[in-house]
Student: 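Sharing a structure here in structure tokens format.
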Amino acid sequence: MNTITIPLLNPNEPEALLAAIHVEEGQQVAAGDILCTLETTKSTADLEAEADGYLIGLQNDQGDTVRAGDILGYLADSPDAEVPEIQAVELHPDSKPAVPDGLRISKPALALAQENNLDLSDFPSGPIITEQDVRSRLRAAAPITLPDTTFDPTSMIIYGSGGHGKSVLDLLRMLGTYDIVGFIDDGMPPGDSVMGLPVLGGEQVLEELHQKGVQLCVNAVGGIGNIKVRVKVFQRLTEAGYTCPAVVHPTAFVEPSAVLSPGVQVFPHAYVGSEVNVGFGSIINTGAIVSHDCQLDDYANISPGAVLAGGVKIGLEVLVGMGVTVNLGVEIGAGARVGNSAVVKDDVPVNGIVPAGTMWPRP
């Protein structure tokens, strides 16, 4: 029996949209047949069957967000084969820490726990323990030394040190307006360095940093696979008393009549047209065009090279992929995802999905 796992399409985006499933439970497939289509903001890829067999144990539905390493299903010798249970990874008898009975843990997570001699007995036995879970536990136990600072209206931290965080850092350095103190990252150990800037710790250091005088933050968690993660970061920052200013790269052009809400990020060579209104926490990425009279609700994400014609309305938490074209006056409903290079000629419903490279509405 062959296990079908979700590949890592982009090192900076471990999560992907399951844009399409091309097979059904129990269906017979041949090696090379396309099982599903995965999509991130940077790429689209088809996942092919590695062997002949019958698809069993399909774990997801079209439109789900999946993570690299997740099990999509299995290829078995018959459609009636028993779906295997996910078993805990066993350590060598002489190695530590030991895996408690009933604990399910991924191989990378176990390797990290073993390397740091972490006791796994405190982890819950229900969900699969991931590398992220282990890093969070290690971070909580690690000593943190925060910089001594006094109030400075230009002092700023960046929440998230992945690919988007690096882009944000370069944007801020180009502006030359802020004193960047360091990164906050829930998945990196304190003391690490990213592009010459220290990782100060996770969310647990926010309150102390604020007390030390840092009151500005840029949310660099893109939330591509799950926008709720980005929204939660904004909630944490608000609760801790931080202000998230709008930041605009010097090469971007924003018309004087446009309105940018707090937390908005506008990246290089983007254009924001006349009387555009951009909601809180939205991202207008590199080379994107948002034409006159467009209205973007909170947490919209307009990916590189996307073009919104005049009067387009973008709902709450919408993702518009790379190279997308949206026609004049179209409305895209809250929570919708528009795949890379799609052409949108009519309204998209709430939570709708427009597959990459397609014409909407479908013929």
Student: Taking the side chain from S261 and the backbone from V278, do they hold a donor-acceptor pair closer than 3.5 Å?
Tutor: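 Confirmed, S261 side chain pairs with V278 backbone.
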
Student: Determine, stepwise, if the pair I157 / I180 fulfils side chain to side chain contact (heavy atoms under 4.5 Å, CB included).
Tutor: CA-CA 6 Å; I157 52 176; I180 313 303; over 6 Å; no

Student: Below 4.5 Å, heavy atoms only, C-beta onward: do C36 and L72 meet side chain to side chain?
Tutor: yes

Student: Would you say V344 and V290 are hydrophobically clustered, going by side-chain heavy atoms of ILVMFWY under 4.5 Å?
Tutor: yes

Student: Would you tell me whether T37 and D46 have side-chain atoms, one donor and one acceptor, within less than 3.5 Å of each other?
Tutor: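 Judged by distance alone, the side chains do pair up.
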
Student: In terms of side-chain heavy atoms, does Q265 have a donor or acceptor partner in H249 at a distance below 3.5 Å?
Tutor: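 Per modelled atom types, Q265 and H249 side chains form no pair under 3.5 Å.
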
Student: Between L35 and I4, does the side chain to side chain contact (heavy atoms under 4.5 Å, CB included) criterion hold? Intermediate values first, please.
Tutor: CA-CA 9 Å; L35 303 177; I4 307 167; 3.7 Å; yes

Student: Testing E24, E25, Q27 one by one against L58 for a side-chain contact (heavy atoms from CB on, under 4.5 Å), which residue passes?
Tutor: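 So, applying the side-chain contact (heavy atoms from CB on, under 4.5 Å) to L58 and each of E24, E25, Q27, only E25 qualifies.
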
Student: Would you mind reporting whether V326 and I332 have side-chain heavy atoms less than 4.5 Å apart?
Tutor: yes

Student: With a cut-off of 6.0 Å (strictly less than), are more than 12 heavy atoms of other residues, nucleotides or ligands near CD of E48?
Tutor: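 Check passes, neighbour count above 12.
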
Student: Is any side-chain heavy atom of Y178 closer than 4.5 Å to a side-chain heavy atom of P245?
Tutor: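 Yes. Closest side-chain heavy atoms under 4.5 Å.
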
Student: Where is the tightest heavy-atom contact between A31 and D52, given as atom of each residue plus distance?
Tutor: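 Here A31 and D52 meet closest at N-OD1, 2.7 Å.
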
Student: When hydrophobic residues are tied together by side-chain contacts of less than 4.5 Å, even through go-betweens, does L308 share a cluster with V354?
Tutor: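 Yes; tracing contacts between hydrophobic side chains, which count when under 4.5 Å, links both residues.
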
Student: Rounded to the nearest 0.5 Å, what separates atom NE2 in H164 from atom CG in L169?
Tutor: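 Between H164 NE2 and L169 CG, I get 12.0 Å after rounding to 0.5 Å.
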
Student: Please check if the side chain of R230 supplies one atom and the backbone of N219 the other of a donor-acceptor pair under 3.5 Å.
Tutor: yes

Student: Kindly check if the number of other-residue, nucleotide or ligand heavy atoms within 6.0 Å of CG (D77) is above 12?
Tutor: no

Student: Check the surroundings of atom CD in E255: do more than 12 heavy atoms from other residues, nucleotides or ligands lie under 6.0 Å from it?
Tutor: yes

Student: Give a yes or no on whether the backbone of H210 and the side-chain of Y242 come within a donor-acceptor separation of less than 3.5 Å.
Tutor: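 The answer is yes, because a donor-acceptor pair under 3.5 Å joins these two groups.
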
Student: Looking only at heavy atoms, which two atoms of L75 and A49 are closest? And how far apart?
Tutor: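 The pair with the smallest heavy-atom distance is CD1-CB, 3.9 Å.
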
Student: Measure the spacing between CG of L328 and CG of D293 and express it to the nearest 0.5 Å.
Tutor: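 Interatomic distance, L328 CG to D293 CG, rounded to 0.5 Å: 9.5 Å.
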
Student: Looking only at heavy atoms, which two atoms of A220 and G165 are closest? And how far apart?
Tutor: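 Smallest interatomic distance, heavy atoms only, reads CB-CA, 3.4 Å.
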
Student: Do the non-hydrogen side-chain atoms of L206 and E239 ever get within less than 4.5 Å of each other?
Tutor: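 Not in contact.
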
Student: Does G57 offer a backbone N or O that forms a donor-acceptor pair with the side chain of Q59 under 3.5 Å?
Tutor: yes

Student: Roughly how far, to the nearest 0.5 Å, is the OG1 atom of T243 from the CE atom of M156?
Tutor: 9.5 Å

Student: Are F183 and Y159 an aromatic pair, judged by ring center distance below 6.0 Å?
Tutor: no

Student: Judged by atom type as modelled, is there a donor-acceptor pair below 3.5 Å linking the side chain of S257 to the main-chain atoms of E275?
Tutor: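 Side chain of S257 to backbone of E275: a pair is present.
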
Student: Using the rule that two of Ile, Leu, Val, Met, Phe, Trp, Tyr join whenever any of their side-chain heavy atoms come within less than 4.5 Å, decide whether I314 and V272 are in one cluster.
Tutor: yes

Student: Please walk me through it: do L172 and I158 pass side chain to side chain contact (heavy atoms under 4.5 Å, CB included)?
Tutor: CA-CA 10 Å; L172 296 174; I158 302 173; 3.9 Å; yes

Student: Quick one: closest heavy-atom pair of P355 and A342, and the distance?
Tutor: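 So the two residues come closest at O-CB, 3.8 Å.
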
Student: Distance check, rounded to the nearest 0.5 Å: L296 atom CG versus I302 atom CD1?
Tutor: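 With rounding to 0.5 Å, CG (L296) is 5.0 Å from CD1 (I302).
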
Student: Nearest 0.5 angstrom please: T5 OG1 to I71 CD1, how far?
Tutor: 8.0 Å

Student: Side-chain contact, heavy-atom cut-off 4.5 Å: M1 with I56?
Tutor: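 Answer yes - side chains close enough.
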
Student: Side-chain contact test, heavy atoms from C-beta onward, threshold under 4.5 Å: evaluate it for V231 versus E317 and give yes or no.
Tutor: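 A side-chain contact under 4.5 Å exists here.
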
Student: Using modelled atom types and a 3.5 Å cut-off, is there a donor and acceptor pairing between side-chain atoms of N340 and backbone atoms of M322?
Tutor: yes

Student: Between D347 and E331 (side chain of the first, backbone of the second, donor and acceptor by atom type, cut-off under 3.5 Å), is there such a pair?
Tutor: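 Here the side-chain-to-backbone pair exists.
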
Student: Same cluster for L316 and F280 if Ile/Leu/Val/Met/Phe/Trp/Tyr side chains link at under 4.5 Å?
Tutor: yes

Student: Between D64 (side chain only) and V66 (backbone N and O only), is there a donor and an acceptor less than 3.5 Å apart?
Tutor: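 Between the backbone of V66 and the side chain of D64 there is no qualifying donor-acceptor contact (under 3.5 Å).
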
Student: Between M174 and F267, is there shared hydrophobic-cluster membership here, with clusters defined by ILVMFWY side-chain heavy atoms closer than 4.5 Å?
Tutor: no

Student: How close do P7 and A68 get, counting heavy atoms only, and between which atoms?
Tutor: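 What the structure gives for the nearest pair is O-CB, 3.8 Å.
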
Student: Below 4.5 Å, heavy atoms only, C-beta onward: do L200 and L209 meet side chain to side chain?
Tutor: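 Of all side-chain heavy-atom pairs linking L209 with L200, at least one is under 4.5 Å.
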
Student: Using only atom types and a distance under 3.5 Å, with no angle test, would you say the side chain of D70 pairs donor to acceptor with the backbone of R67?
Tutor: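 Checking the backbone N and O of R67 against the side chain of D70, a donor-acceptor pair under 3.5 Å is found.
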
Student: Can you tell if the side chain of T154 reaches within under 4.5 Å of the side chain of T177, non-hydrogen atoms only?
Tutor: no

Student: Closest approach of S291 and A309, non-hydrogen atoms and distance?
Tutor: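 Taking S291 first and A309 second, the nearest heavy atoms are CB-C, 3.6 Å.
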
Student: Hey, could you give me the OG1/CD1 distance between T65 and I6, rounded to the nearest 0.5 Å?
Tutor: 11.0 Å

Student: So, R337 and E39, do they make that salt bridge, N to O below 4.0 Å?
Tutor: no

Student: In this structure, are over 12 heavy atoms from other groups packed under 6.0 Å from Q62 atom CD?
Tutor: yes

Student: Given the rule in the side chain to side chain contact (heavy atoms under 4.5 Å, CB included) test, do V29 and Y54 qualify, once you have shown the distances and angles that lead to the verdict?
Tutor: CA-CA 6 Å; V29 299; Y54 293 87; over 6 Å; no

Student: Is the backbone N or O of A336 less than 3.5 Å from a side-chain atom of N351, with the two atoms forming a donor-acceptor pair by type?
Tutor: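 The answer is no, because no donor-acceptor pair under 3.5 Å joins these two groups.
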
